[in-house]
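Quick note: numbers below take in every heavy atom, side chains included, and nothing from hydrogens, waters or symmetry partners.
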Amino acid sequence: MTPDSVRPDPCIIFLILSVCGLLAGCVDQQPPSGDTQPVASRSANPSGAEDIERLKREDLPAVTAQMREEAASRVMGACSRCHAPLPADTLPRAAWEKVVLSMADMVGDWGQPAATEEELAIALYWYEQQAPLKLDYSRHLPELELQFETISLTPRGLESERIPAVSDLISWQRADGQGRGILVSELRSRRLMVLPHGDLKSARLIPFLPEVDFRYPAALSSCEVDGSGDPEVLVASMGGMNPGNEVRGGAWLATSEKGRWSARSVGEKLARVCDLKGSDLDGDGDVDLVACAFGFRGPGRLVMLRAEGENFETIELDARDGFVAVVIEDVDGDGDDDLIALLSQEHEVLMQFTNDGSGNFSPQVLMNWPHAAWGSSGLEAVDLDGDGDRDLLVVNGDTLDDNTPKPIHGVRWLERVGDSFPTLHEILLLPGCERAAVGDLDGDGDLDVVGAAFMPQVDPATWKQWDSLVWAENLGGAKEWQVRTLEVGNPIHSAVLLDDVDEDGVMDIILGNYVWLRSDGSPTRRSDYLTVLRGIR
């Protein structure tokens with residue numbers, strides 16, 4: 001098995017932003033009534049449809065000379081009621097109007113009042129005065145040595161539509177070794193698919209549990225839950241495509257008995273679950289679950305689903321909206337599993353929850369990211385430097401809140417030393433880099449990183465200016481990297497995975513794609529569901 005792709009989007013997200021056609025013969029062609037513009041990111045704000053703004057620039061009061069003199073201190077005071085104030089150079093000047101006006105109805109975690117119209121007017125004036133006209137971006141040189149053959153895949157019967165909303169990809173293998181492939185979750189069909197390992201020339205996407213409606217499956221993981229020896233599939237269900245406070249998602253468990261698969265929803269309903277992992281967290285011999293319920297404005301939280309026979313008891317670990325990803329890891333080396341969770345929204349923090357061995361957790365902050373527009377979107381534990389312990393790979397690149405690709409987006413890693421993660425290293429920079437994957441792409445024995453851009457809501461006329469897929473070659477011990485561009489102008493990659501799909505001994509890149517719908521429901525473009533870059537030596 002290769003290391004999994006780094007996730008969450010987006011409800012994002014994808015996903016955030018977080019940041020979420022169809023298998024022929026087994027699903028409807030349209031989402032059910034009540035579901036409108038799909039959102040792949042787990043991001044907090046609806047994107048792709050017209051934003052509903054309660055306030056417009058012309059509604060704001062005029063900014064007086066005295067207000068201008070006090071602008072800097074008043075902006076810092078008003079913004080800090082809910083989050084650390086953003087640096088003015090986080091966004092270009094033209095982007096600040098939407099961001100500032102969106103704060104009109106925001107209330108802090110502890111009931112801090114929303115900004116007044118006067119405060120919003122001052123903030124808009126100050127940020128537009130201080131912000132640059134445009135952001136400065138860098139581009140990478142093209143990769144000239146690695147060679148790939150491009151293979152595109154769409155389920156049979158959907159060749160004319162080609163409007164995918166792939167949300168996740170994982171490498172998957174049955175315990176008996178007889179079934180290997182790539183498991184695919186897809187939001188618009190609300191179903192799962194499999195791309196079997198083997199000859200890609202004749203490959204096709206096969207429905208997996210086609211009769212099960214997973215209610216918008218956002219993320220997948222594999223874990224042996226029932227002791228059968230066959231790993232189960234955990235499915236994080238968002239419950240809806242659009243950001244909102246409805247609590248309609250939750251955790252799904254797909255199990256196999258004598259080769260026959262079935263699936264059931266477990267535990268109580270949760271708000272927009274975007275990651276789900278399993279382990280025996282309380283030491284009682286059965287497998288508990290941890291769910292990142294991203295939420296929207298209130299119902300989100302990080303929860304443990306404690307196994308009680310066939311049932312699961314919900315235990316809240318953190319009551320904040322915006323958790324995008326969680327990894328399970330024995331950080332302190334005491335024999336029980338701890339949790340590390342990535343929290344986005346206005347918080348932008350990496351948290352550790354230390355287990356006392358009985359499923360009781362003590363929270364602590366591992367890393368505060370620089371500001372509330374950082375765009376956290378992915379987290380994975382992987383031994384990147386080859387020293388025998390698992391480091392943390394973190395991704396930021398959610399653009400669905402403000403539609404702005406940022407020069408700071410990219411992939412970084414926190415080096416593990418003993419029971420701590422003291423040093424942050426940069427791997428690659430890529431505007432809109434919502435997803436990343438780890439694997440030995442060049443066959444030299446160490447782990448490389450591939451970053452994929454996801455910003456399908458950005459005007460396609462501008463796509464040619466963006467790198468959309470880059471490769472960071474590990475030059476030794478994960479401390480030095482060479483970054484090269486593999487693809488330009490196609491930032492629709494909502495999932496990415498490295499795996500030897502055709503089993504020829506050469507690593508391949510598997511990309512899940514997502515087509516954005518305009519407010520009238522028409523697609524901005526057409527695309528196949530998966531793009532496989534088959535490695536050639």
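Between V331 and F421, some side-chain heavy-atom pair lies under the 4.5 Å cut-off. Counting only heavy atoms from C-beta outward, the side chains of V166 and Y514 never approach each other to under 4.5 Å. Within the 4.5 Å cutoff, no side-chain heavy atoms of H409 are placed close to those of L430. Between P164 and D528 the shortest side-chain heavy-atom distance does not fall below 4.5 Å. Within the 4.5 Å cutoff, the side chain of W413 has heavy atoms near those of the K479 side chain. The side-chain heavy atoms of T404 and L135, taken from C-beta on, include a pair separated by under 4.5 Å. Counting only heavy atoms from C-beta outward, the side chains of M455 and N403 never approach each other to under 4.5 Å. Looking at heavy atoms from C-beta onward, L101 lies in side-chain contact with L60 at the 4.5 angstrom threshold.
The two residues I492 and S527 make their nearest non-hydrogen contact at CD1-OG, 3.4 Å. Pairing each heavy atom of P92 with each of W96, the nearest pair is O-CD1, 3.4 Å. When all heavy atoms of R412 and E426 are compared, the pair lying nearest together is CG-CA, 3.9 Å. Across every non-hydrogen atom of L498 and M507, the tightest pair is C-SD, 3.6 Å. Shown here for L270 and V273, the closest heavy-atom pair between the two residues is CB-CG2, 3.6 Å. Heavy atoms only, all atoms of each residue included: L428 and A472 are closest at CD2-CB, 3.8 Å.
In summary, of the residues considered (L414, V417, D385), a side-chain contact (heavy atoms from CB on, under 4.5 Å) with D391 occurs for D385 alone.
Separating the NE2 atom in H347 from the CG atom in D318 is a distance of 8.0 Å, to the nearest 0.5 Å. Note: L342 CG to S377 OG = 7.5 Å, rounded to the nearest 0.5 Å. Atom CZ of residue R301 and atom SG of residue C292 lie 12.5 Å apart, to the nearest 0.5 angstrom. Between the CG atom in L511 and the CG atom in L486 there is a gap of 9.5 Å [rounded to 0.5 Å]. To the nearest 0.5 Å, the span separating CH2 on W369 from CG on N396 amounts to 7.5 Å. For the atom pair CZ (F323) and CG (D275), the distance works out to 12.0 Å, reported to the nearest 0.5 Å.
Using bins of under 30°, 30° to 60° and over 60° for the plane-to-plane angle, the ring pair Y137/W466 lands in the perpendicular bin.
Judged by distance alone, the side chain of S237 and the main-chain N or O of R215 form a donor-acceptor pair under 3.5 Å. In this structure, the side chain of Y216 does not engage the main chain of G249 through any donor-acceptor pair within 3.5 Å. The backbone N or O of V326 lies less than 3.5 Å from a partner atom in the side chain of K277, making a donor-acceptor pair. In terms of modelled atom types and a separation under 3.5 Å, the side chain of H140 and the main chain of L429 share a donor-acceptor contact. At least one donor-acceptor pair under 3.5 Å links the side chain of H371 to the backbone N or O of A373. Listed for the N474 side chain is no donor-acceptor partner under 3.5 Å among the backbone atoms of D448. At distances below 3.5 Å, not a single donor-acceptor pair connects side-chain atoms of S494 with backbone N or O atoms of S167. Of the possible polar contacts, one joining the D321 side chain to the G300 backbone as a donor-acceptor pair under 3.5 Å is found. The closest donor-acceptor contact from the side chain of R74 to the backbone of I122 lies at 3.5 Å or more, if one exists at all. Of the possible polar contacts, one joining the D508 side chain to the G535 backbone as a donor-acceptor pair under 3.5 Å is found.
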Self-check item: Audit row: Q345, F294, side chain to side chain contact (heavy atoms under 4.5 Å, CB included) steps and yes/no
Solution: CA-CA 9 Å; Q345 296 281 67; F294 187 95; 3.7 Å; yes
Exercise. Verify side chain to side chain contact (heavy atoms under 4.5 Å, CB included) between R320 and M351, making sure each step is shown before the conclusion.
Key: CA-CA 12 Å; R320 290 176 286 183; M351 299 288 299; 3.8 Å; yes
Practice problem: Mind running side chain to side chain contact (heavy atoms under 4.5 Å, CB included) on M67 and E118 for me, showing each step along the way? | Solution: CA-CA 9 Å; M67 290 160 65; E118 181 175 297; 3.7 Å; yes
Self-check item: side chain to side chain contact (heavy atoms under 4.5 Å, CB included) evaluation trace for T90 with D402
Solution: CA-CA 11 Å; T90 302; D402 51 37; 6.0 Å; no
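In this model, a donor atom of one side chain and an acceptor atom of the other lie less than 3.5 Å apart for R525 and N490. Between the side chains of D467 and T485, at least one donor-acceptor pair of N or O atoms lies under 3.5 Å.
Annotation for D136: atom CG does not count as buried by contact number, only 12 or fewer foreign heavy atoms lying within 6.0 Å. Around atom CD of E145, no more than 12 heavy atoms belonging to other residues, nucleotides or ligands sit under 6.0 Å away.
By the 4.0 Å N-to-carboxylate-O rule, R518 lies too far from D520 to be salt-bridged with it. Here E329 pairs with R416 in a salt bridge; the nearest charged N to carboxylate O distance falls below 4.0 Å. The pair R57-E128 meets the salt-bridge criterion, with a side-chain N (NZ, NE, NH1 or NH2) lying under 4.0 Å from an Asp/Glu carboxylate O.
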